[in-house]
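What follows is a single structure, written as structure tokens, with notes after it.
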Protein chains: 2
Amino acid sequence: MLDVAEELVQRRGFNGFSYADVARELGITTASLHYHFAGKEDLGKALIARYSARFFAALGEIEASVEDSTQRLRAYFNLYADVLRKDRLCLCGMLAAEFRTLPELMQAAVISFFETNEKWLAKVLDAGREQNALHFSGSPTDEARMIVGSLEGAMLVTRPLGDMRRFQAAADQLLTSLSLSRQMAEHR
Amino acid sequence: MLDVAEELVQRRGFNGFSYADVARELGITTASLHYHFAGKEDLGKALIARYSARFFAALGEIEASVEDSTQRLRAYFNLYADVLRKDRLCLCGMLAAEFRTLPELMQAAVISFFETNEKWLAKVLDAGREQNALHFSGSPTDEARMIVGSLEGAMLVTRPLGDMRRFQAAADQLLTSLSLSRQMAEHR
DNA sequence: GTCTATAGGCAGATAGAC
DNA sequence: GTCTATCTGCCTATAGAC
């Protein structure tokens with residue numbers, strides 16, 4: 001149920017799908033859907049909550065299984081690539097576009113997703129720089145924000161153009177610029 | 001008429017506004033709107049056409065009035081910042097999110113916008129590198145794609161978070177990394 | 001939990017008078 | 001060009017039977 005709705009939102013947007021779409025796909029009626037999610041806002045909140053939980057769990061998984069900072073970044077970028085490969089946008093990236101049309105509680109949940117996401121990334125960046133494995137000029141927070149924006153934007157623009165390599169090129173370039181050992185160090 | 005519709009699409013998305021919204025704002029009826037734009041798709045096509053024309057005219061203006069490559073980039077980034085300052089997304093960035101729900105001709109027009117946009121930017125980047133004013137590792141085309149994605153994404157994520165400085169920080173970082181003279185040169 | 005049935009509203013769109 | 005009036009369809013949502 002959430003699976004079907006999630007796919008629809010990530011592909012078509014929150015304003016681009018209906019209860020009827022979800023119900024048809026599941027072979028049930030819209031009335032049944034309303035039993036589980038009284039209103040579309042409830043469904044939306046549930047979707048963000050589950051997506052966030054899964055995403056942050058994946059971040060924890062990366063921390064647990066990957067030591068190297070560069071490899072952690074690579075794994076992090078892969079989370080986005082996996083979404084895009086399924087011809088979807090990041091759920092919260094899509095909702096960010098539709099932000100002005102969303103109920104308040106959904107807006108707050110979207111903001112919270114990005115803040116937590118960027119906080120985790122900033123931590124990884126900070127640690128990587130500490131170990132002299134990653135190199136960037138500004139604060140870890142600013143760098144994290146820049147990276148999240150770039151990844152979300154790369155997904156956004158890649159999908160219409162339909163060439164997955166475009167996203168990969170952007171991700172590779174981010175990774176390269178962070179890994180190059182001499183470039184930024186000289187300017188600190 | 002197009003002004004009102006454009007604002008609505010850039011703020012709320014193509015699926016997030018109606019003929020009634022436009023008509024109300026203008027003090028006319030939806031029937032009158034249908035006289036000028038038979039269907040929503042026609043309105044959408046007209047919006048993209050005008051937005052693209054205006055955007056590309058602005059690019060021409062930059063070429064005509066600014067010589068320095070770095071300053072051209074700065075002016076280019078400012079086009080995006082100006083849109084965001086009005087609490088809007090790039091029209092085609094918004095439509096890229098909703099891509100899967102758009103009529104075919106609108107999809108084609110969105111793709112065309114990005115291709116022309118990136119072609120212009122790649123030309124500026126190439127010239128700048130030629131003059132040793134800009135520095136990047138891959139092809140001008142790849143770099144242009146990366147920049148467009150980053151700018152679109154920065155707008156996307158900045159708006160919900162509501163802090164314009166976030167976009168500026170991302171733009172500055174792009175500009176800085178392109179301007180630094182030593183970093184990439186060593187790795188060519 | 002799922003159904004049928006239906007409400008009430010708004011969407012995009014059209015006919016025809018002025 | 002703009003209007004009134006209207007259509008048809010889809011949307012979210014609810015009542016109540018099974």
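Lettering of chains follows the sequences in order, A, B, ..., and the numbering in each one begins at 1. Quick caveat: nothing in here was measured; it's all calculated off a predicted structure.
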Step through it carefully: locate the ring centre of B:F37, locate the ring centre of B:Y19, and say whether they are under 6.0 Å apart.
no
From CG of A:N15 across to P of C:dC10 the rounded distance in Å is 16 Å
In B:L95, B:L47, B:L91, the residue satisfying side-chain contact (heavy atoms from CB on, under 4.5 Å) with B:Q10 is B:L91
Looking only at heavy atoms, which two atoms of A:A171 and A:F77 are closest? And how far apart?
O-CE2, 3.5 Å
Establish, yes or no, whether the cationic atom of B:R129 lies under 6.0 Å from the six-membered ring centre of B:F136 and within 45° of the ring axis.
yes
Under 6.0 Å from the six-membered ring centre of A:F14 and within 45° of its axis: does the NZ or CZ of A:K40 meet both?
yes
Verdict with reasoning, A:R11 to A:E6, per salt bridge (Lys or Arg N to Asp or Glu O under 4.0 Å)
CA-CA 8 Å; A:R11 292 228 174 104; A:E6 187 178 70; over 6 Å; no
Can you check the B:D42 CG to C:dG12 P distance for me, whole Å?
13 Å
Give a yes/no on whether any side-chain N or O of B:S18 is located under 4.0 angstrom from OP1 or OP2 of C:dC10.
no
Rounded to the nearest 0.5 Å, how far apart are CZ of B:F55 and OH of B:Y80?
4.0 Å
Numerically ordered, the residues 19-31 of chain B set in heavy-atom contact under 4.0 Å with DNA chain C is B:Y19, B:A20, B:T30, B:A31
Residues in residues 32-40 of chain A with a heavy atom under 4.0 Å of DNA chain C, by number, are A:S32, A:Y35, A:H36
Beyond-backbone contact of A:R100 with B:D87, side-chain heavy atoms, under 4.5 angstrom
yes
